[in-house]
Amino acid sequence: QGQLVESGGGLVQPGGSLRLSCTASGFHLPYYAIGWLRQAPGKEREWVSCHSASNGNTYYKDSVKGRFTISRDGSKNTMYLQMNSLKPEDTAVYYCATDGPYSEMPLETIQTGCGALGRWGQGTQVAVSA
């Protein structure tokens, strides 16, 4: 049930910043782990950051640690990914993701530092180029 919708992608120069947003509807986002995934051209989809609902810990892929920050706004049922010091290798389609709720067993999941996430949105494109 519900859906996830990302926004905020675009074209930015190396060293620039973007803030991605993801609004959940139809369910309470704070009940679930959240994460951000990305897929670059020619590469597998990978997780970049997540926040655990069970222990409150935040995790980042080493390549983005210190540059990206994941956060939530409970009043807006929204998650964010603040991306600073962007590099060309950050170019990808970015997806917000959660570990539920699931009306049926997910056909696909992606393992993150917060466990397996089984639902995500349609993505927002980020391009980092001079």
Side-chain angles (χ1 to χ4, degrees):
Q1 65 176 329
Q3 60 181 318
L4 297 166
V5 180
E6 303 95 336
S7 63
L11 175 64
V12 64
Q13 292 185 324
S17 298
L18 285 173
R19 189 180 74 159
L20 306 183
S21 299
C22 172
T23 297
S25 60
F27 66 99
H28 283 252
L29 192 60
Y31 292 171
Y32 303 97
I34 61 168
W36 287 92
L37 321 174
R38 69 184 181 188
Q39 187 165 23
K43 292 190 173 183
E44 294 276 288
R45 184 165 51 236
E46 64 177 355
W47 74 277
V48 298
S49 184
C50 66
H51 181 264
S52 173
S54 60
N55 61 25
N57 290 341
T58 300
Y59 301 91
Y60 298 92
K61 187 175 177 68
D62 285 346
S63 62
V64 309
K65 192 172 184 178
R67 300 189 297 120
F68 290 11
T69 303
I70 189 170
S71 62
R72 306 180 191 236
D73 184 335
S75 68
K76 298 184 182 298
N77 215 37
T78 297
M79 68 175 83
Y80 303 95
L81 185 69
Q82 178 67 47
M83 304 186 294
N84 298 326
S85 302
L86 283 161
K87 304 175 180 179
E89 49 264 46
D90 295 317
T91 296
V93 177
Y94 284 72
Y95 304 86
C96 61
T98 75
D99 64 353
Y102 303 138
S103 59
E104 299 179 3
M105 179 78 74
L107 296 178
E108 300 179 56
T109 63
I110 184 167
Q111 187 63 229
T112 75
C114 307
L117 307 184
R119 69 182 300 177
W120 46 82
Q122 293 189 344
T124 186
Q125 197 139 28
V126 172
V128 185
S129 176

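Side-chain atoms of D90 and V48, non-hydrogen and from C-beta on, never get closer than 4.5 Å to each other. With a 4.5 Å cut-off on side-chain heavy atoms, P88 and S129 do not count as touching. With a 4.5 Å cut-off on side-chain heavy atoms, E44 and Q39 do not count as touching. Within the 4.5 Å cutoff, no side-chain heavy atoms of T124 are placed close to those of V93. With contacts defined as side-chain heavy-atom distances shorter than 4.5 Å, the pair N77/S25 does not qualify. Residues V64 and M83 form no side-chain contact, since every pair of their non-hydrogen atoms from C-beta on lies 4.5 Å or further apart.
With hydrophobic clusters built from ILVMFWY side chains whose heavy atoms lie under 4.5 angstrom apart, Y31 shares a cluster with L4.
For the pair W120 (side chain) and I110 (backbone), a donor-acceptor distance under 3.5 Å is absent. Listed for the T91 side chain is a donor-acceptor partner under 3.5 Å among the backbone atoms of V128. The backbone N or O of G56 sits less than 3.5 Å from a side-chain atom of H51, completing a donor-acceptor pair. When atom types are taken as modelled, the side chain of E6 and the backbone of C96 share a donor-acceptor pair closer than 3.5 angstrom. No donor-acceptor pair under 3.5 Å is formed between the side chain of T78 and the backbone N or O of T23. A donor-acceptor distance shorter than 3.5 angstrom exists from the side chain of Y60 to the backbone of I70, with no hydrogens or angles considered.
For the atom pair CD of E46 and CG of L37, the computed distance is 9.0 Å after rounding to the nearest 0.5 Å. Note that the CH2 atom of W47 and the NZ atom of K61 stand 7.5 Å from one another [nearest 0.5 Å]. The distance from the SG atom of C22 to the OH atom of Y94 is 15.0 Å, given to the nearest 0.5 Å. Of the inter-residue distances, the one linking T58 atom OG1 with K65 atom NZ reads 10.5 Å to the nearest 0.5 angstrom.
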- Which is it for R67 and K87 under the side chain to side chain contact (heavy atoms under 4.5 Å, CB included) test, yes or no, and what are the steps along the way? CA-CA 10 Å; R67 300 189 297 120; K87 304 175 180 179; 3.9 Å; yes

- Yes or no on side chain to side chain contact (heavy atoms under 4.5 Å, CB included) for Y95 and Q122, after CA distance, side-chain angles and deciding distance? CA-CA 7 Å; Y95 304 86; Q122 293 189 344; 5.8 Å; no

- So T98 and M79, side chain to side chain contact (heavy atoms under 4.5 Å, CB included) or not? Walk me through it. CA-CA 10 Å; T98 75; M79 68 175 83; 4.0 Å; yes

- Item | Y80 and R19: CA distance, side-chain angles, deciding distance, side-chain hydrogen bond (donor to acceptor under 3.5 Å, both in side chains) verdict | CA-CA 7 Å; Y80 303 95; R19 189 180 74 159; 5.0 Å; no

- Task: Check the pair N57, Y59 against side-chain hydrogen bond (donor to acceptor under 3.5 Å, both in side chains), reporting the backbone distance first and the verdict last.
- Result: CA-CA 7 Å; N57 290 341; Y59 301 91; 3.2 Å; yes

- Message: Could you go through L107 and M105, starting from their C-alpha distance and side-chain angles, then the distance that decides it, and tell me whether this counts as side chain to side chain contact (heavy atoms under 4.5 Å, CB included)?
- Response: CA-CA 6 Å; L107 296 178; M105 179 78 74; over 6 Å; no

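What you find for L81 and S49 is that their closest heavy atoms are CD1-CB, 4.3 Å. The minimum heavy-atom distance linking L117 with A97 is given by the pair CD1-CB, 3.8 Å. The two residues A130 and P14 make their nearest non-hydrogen contact at N-CD, 3.6 Å. The two residues R38 and A92 have their closest heavy-atom pair at CB-CB, 3.8 Å. A pairwise comparison of heavy atoms in C50 and T112 identifies SG-OG1, 3.7 Å as the closest pair.
Salt-bridge check for E108 with R45: passed, with a basic side-chain N closer than 4.0 Å to an acidic carboxylate O. Of the charged side-chain nitrogens involved, none lies within less than 4.0 Å of a carboxylate oxygen, so that D99 and R119 do not count as a salt-bridged pair.
Residue Y102 qualifies as enclosed at atom OH: its count of foreign heavy atoms under 6.0 Å is above 12.
Using bins of under 30°, 30° to 60° and over 60° for the plane-to-plane angle, the ring pair F27/Y32 lands in the perpendicular bin.
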